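Step one of this worksheet: look at the structure below.
Bear in mind that the values here come from a model prediction, so they are computed numbers and not experimental data. Residue numbers start from 1 in every chain, and the chains themselves are labelled A, B, ... in the order their sequence lines are given, proteins ahead of strands.
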Protein chains: 2
Amino acid sequence: MRHSTGQKDRESRLLRQLREKGYKLTSQRLAIIHLLAGDTSHPSASDVLKRARKRVPKISMSTVYYALDMLKREGLIRELEFYEKENRYDINISDHINLVCRKCGKIEDFMGEVPLSPTEVEGKTGFRPEGMRFEFYGYCRACKNRGKR
Amino acid sequence: MRHSTGQKDRESRLLRQLREKGYKLTSQRLAIIHLLAGDTSHPSASDVLKRARKRVPKISMSTVYYALDMLKREGLIRELEFYEKENRYDINISDHINLVCRKCGKIEDFMGEVPLSPTEVEGKTGFRPEGMRFEFYGYCRACKNRGKR
DNA sequence: ACGCATTTTCGGAATGATTCCTAATTAGAT
DNA sequence: ATCTAATTAGGAATCATTCCGAAAATGCGT
C-alpha cells in the first residue's frame, strides 16, 4: 500500500497542496475539503452542499461548484458522470474499479490490481491511455440478498 | 468471434427483434436504426437527428429521444455518459473497452478479452456485477503523433 | 494591526441536454 | 377500409451546471 489514506492525513495533505499553490483557504473550502476527505460515498454536488451547510450554513451552490472545479483542475478529486442525473465526486484519485449498485446507488471502490496495463493497450492499438475508468454495475451484497427490487 | 456484425446483418436483426416485440416500424425508426447499424462512432442524439434528417427531413428531436429510449430499454443499444455534454449511443452492446480520445473525441472499441471476471469480483467483494463499463482516456494514434494540442 | 490587490463568494440569470405534455398522425391488426 | 393503440412533432418544463457582476474576504506586504 502506498499512501495511508486516513481522513486526517488526506485532509492535511490537500490543505498543504492548496496552500502551496496559493489558493485561499476560506471557511467554505475548509468545510468542503473536510467532508470530502472523510467520505468514500462519492457524493454529488448537492450532497456536498447539504453537508457543508452544517458547518457553514450560508454557503451557496455556486461556491460548491467553484471549489469542486478547482480541486478537479488540480487533480485532487475525480469527477464521475453516471447514469443518474448528478455527477459524483471521488476523493480516491488512484486507478481503481468502481462498483455501482443499481438498487441503492451506493458506489464502492474495488481496490484490487487493475488488470490491464496502458502499455499493453498502446501496444495493441496505438492508442495511448492516460486515464482510466472501470466500473461494474450490479447489486451490492446487501441489495442482492434482499432481492433486486 | 461470435457474431459477424456486418451492417446489414445487424440492421435486419434489430428490425426483426422489434417486430417480434410488437413495435411499429415507422420511417423515422427505420432511418435511425439504419444509421446506427452502420456507425461505430458512438453518435450523440443530435448527431442521430442530423443524419436521420437526410432520409426523413421532418423528424424531430423528441422522436429521436423516444426511439433511442426504446432501443435502450430493449437492450439493443447502450447509452454512455461522458465528460462532454451529450450522451453517446453505442450499437456494440457486448462487453468491451472504450478508448476515448481527449483531443479529437473519437471513441474506439477495444475488443480484447475483458480482463476481470464478474465471478472473481463477486468472490472478493460480495458485489454481483451484471454490467460493466471500462474506458481508457488518452490520445488516439493520429492525435498522439500530431501533438496533444 | 491596516490597507490593498486579488481571489472567492453569493444569488440569480443563462444555458443546454433531456424529459414531459398534448394533440395530431400513422402502423398494423381485424 | 376501419379502428385502436403506439408514435410523432413541437413546444414547454425540468434540472444540473455554468456564467455573470457586485460584494466580501483572504493573505500578502507594510
query = Does B:Arg51 pair with B:Asp47 as a salt bridge, N-O distance under 4.0 Å?
reply = no
Do any side-chain nitrogens or oxygens of [X] fall under 4.0 Å of OP1 or OP2 in [N]?
| X | N | result |
| --- | --- | --- |
| A:Tyr66 | C:dT9 | no |
| B:Gln28 | C:dT26 | no |
| A:Thr63 | C:dC10 | yes |

query = Distance-only, no hydrogens or angles: does the A:Arg29 side chain make a donor-acceptor pair with backbone N or O of A:Lys24 under 3.5 Å?
reply = yes
key: Donor-acceptor side-chain pairing of B:Tyr23 and B:Glu74 below 3.5 angstrom   = yes
note = With B for base contact, S for sugar-phosphate-only contact and - for none (protein heavy atoms under 4.0 Å), nucleotides 19-30 of chain D reads B-----BBS---
inquiry  = What's the closest nucleotide to the side chain of B:Tyr65 if the choices are C:dT9, C:dT19, D:dT17?
reply    = C:dT19
task = From the options C:dT8, C:dG11, D:dA9, select the nucleotide whose nearest atom is closest to the side chain of A:Arg29.
result = C:dT8
Residues which pass ring pair (Phe, Tyr, Trp, His ring centres under 6.0 Å) with B:Phe134, listed by chain and number, not counting sequence neighbours = A:Phe134, A:Phe136
query = To the nearest 0.5 Å, what is the distance between CE (A:Met132) and CD1 (B:Ile97)?
reply = 9.5 Å
note = Bend of the helix from C:dA1-D:dT30 to C:dT30-D:dA1 from end-axis comparison, five pairs per end, nearest 10°, comes to 30°
task = Name the residue closer to the 5' end of DNA chain C, choosing between B:Asp69 and A:Lys58 according to the nucleotide with the nearest heavy atom.
result = A:Lys58
remark   = Closest to the 5' end of DNA chain C, once A:Met70 and A:Arg53 are matched to their nearest nucleotides, is A:Met70
query = When clusters are formed by joining ILVMFWY residues with side-chain heavy atoms under 4.5 Å apart, either directly or through shared neighbours, do B:Ile77 and B:Tyr65 land in the same one?
reply = yes
query = Starting at CZ of B:Arg73 and ending at C1' of D:dT7, how long is that distance when rounded to a whole Å?
reply = 12 Å
query = Within a radius of less than 6.0 Å around CZ of B:Arg141, do more than 12 heavy atoms belonging to other residues, nucleotides or ligands occur?
reply = no
